[in-house]
Each structure stands twice: as structure tokens, then as C-alpha cells.
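Both backbone and side-chain heavy atoms feed into the values below; hydrogens, waters and symmetry mates do not.
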Amino acid sequence: MKSITKVFLLGLVLCVGLLATACPKRVAIADIEANPSKYSGKSVGIAGTVEQSYGVSIPGTNYRGGIYKVSDGTGSIWVVTENTVPAKGAKIGVKGKVQDGVNYNGKNYGLGMREEDRRFADK
């Protein structure tokens, strides 16, 4: 019985360790802007407030997406999403891949992120 408990606890510790390493590192936007090549193509996490948002969502279809600008007090960055865009003033955390030359609807927004996941701050 004791060996089963040890195996279970060891497995649990390994799973938690693997999940913790899969979480992206939270980065200040100023750090991304200062050294974009360091973060290019890598998943990072940022948190801040939505300053601007432009998007399209047609009810009853799968057509939606847009771009929004997140500011964390150190800088701001554009985030491209294939989901609905958050409202201006929303406090959010975003996980995504940093890339240079983010394009949306034929317009280049320069340095930005392609959203992989998003969380809203609790009120």
C-alpha cells in the first residue's frame, strides 16, 4: 500500500512540474520592445489594459477576429486574435507568440503578438 502511495505522489509531482514549465514567462512590454529578437517566435505572457480594439464578429458564422492594443504601464503592443476582441478598458492577461510585422486586414502594425490564450482580471 505504501509503494502505491509513493508512486502516486511521485507521478503527481512530475505532472505539476511539467505543467508549471509549460506556462509562458510573464514579460513587461518594455522588455519586448527593447529586445524583440530575444522574444521573436516565443510564447510569452503579458498583462495590462486594452487601449484600443478593432474587430469583426458576424453572428451565426465563424467569421470573427481583430486586433487590440494592450498597455502595461511600461509600453504597449498590438495583439492579433481570431476570437472576439476585448472592450476598451478591459484588464486582461494574454499569452501569445511575439512576431515582427503583425498584419491585420491589410495593415501592418509592426511588433506585436498573435494571441494563443486570454484571461480577464477578476472584478
For Asp31, what residues pass the side-chain hydrogen bond (donor to acceptor under 3.5 Å, both in side chains) criterion, not counting sequence neighbours? none

Tell me, do Ile77 and Ile32 make a side-chain contact under 4.5 Å, heavy atoms counted? yes

Can you list every ring-ring contact (aromatic ring centres under 6.0 Å, His included) pair that touches residues 37-56, not counting sequence neighbours? none

Minimum heavy-atom distance between Asp72 and Ala47, given as atom pair plus value: CB-O, 3.1 Å

Grab the two heavy atoms, one from Pro86 and one from Val50, that are nearest each other, plus how far apart they are. CG-CG2, 3.7 Å

side-chain contact (heavy atoms from CB on, under 4.5 Å) involving Ser37 - partner list, sequence neighbours excluded: Asn35

Run the numbers on Ile67 and Val79 for side-chain contact (heavy atoms from CB on, under 4.5 Å), then give the verdict. CA-CA 6 Å; Ile67 190 163; Val79 180; 5.9 Å; no

side-chain hydrogen bond (donor to acceptor under 3.5 Å, both in side chains) against Lys91, all qualifying residues, sequence neighbours excluded: Thr49

Is there side-chain contact between Glu33 and Leu111, with at least one heavy-atom pair below 4.5 Å? yes

Shortest non-hydrogen contact between Lys69 and Ser76, atoms and distance: CE-OG, 3.1 Å

Using every non-hydrogen atom in the two residues, find where Ala28 and Thr74 come nearest and quote the distance to one decimal. CB-OG1, 3.9 Å

Who passes side-chain contact (heavy atoms from CB on, under 4.5 Å) against Asn62, sequence neighbours left out? Arg64

What pairs of donor and acceptor atoms, side-chain ones from residues 112-121 against any protein atom, are under 3.5 angstrom apart with sequence neighbours left out?
{"unit_1": "Glu115", "atom_1": "OE1", "unit_2": "Thr81", "atom_2": "OG1", "d": "2.6"}
{"unit_1": "Glu115", "atom_1": "OE1", "unit_2": "Asn83", "atom_2": "ND2", "d": "3.4"}
{"unit_1": "Glu115", "atom_1": "OE1", "unit_2": "Arg118", "atom_2": "NH2", "d": "3.3"}
{"unit_1": "Glu115", "atom_1": "OE2", "unit_2": "Tyr68", "atom_2": "OH", "d": "2.5"}
{"unit_1": "Glu115", "atom_1": "OE2", "unit_2": "Arg118", "atom_2": "NE", "d": "2.7"}
{"unit_1": "Glu115", "atom_1": "OE2", "unit_2": "Arg118", "atom_2": "NH2", "d": "3.2"}
{"unit_1": "Glu116", "atom_1": "OE1", "unit_2": "Ser43", "atom_2": "OG", "d": "3.0"}
{"unit_1": "Glu116", "atom_1": "OE2", "unit_2": "Ser43", "atom_2": "OG", "d": "3.2"}
{"unit_1": "Asp117", "atom_1": "OD2", "unit_2": "Arg119", "atom_2": "NH2", "d": "3.3"}
{"unit_1": "Arg118", "atom_1": "NH1", "unit_2": "Thr84", "atom_2": "O", "d": "3.1"}
{"unit_1": "Arg118", "atom_1": "NH2", "unit_2": "Thr81", "atom_2": "OG1", "d": "3.4"}
{"unit_1": "Arg118", "atom_1": "NH2", "unit_2": "Thr84", "atom_2": "O", "d": "2.7"}

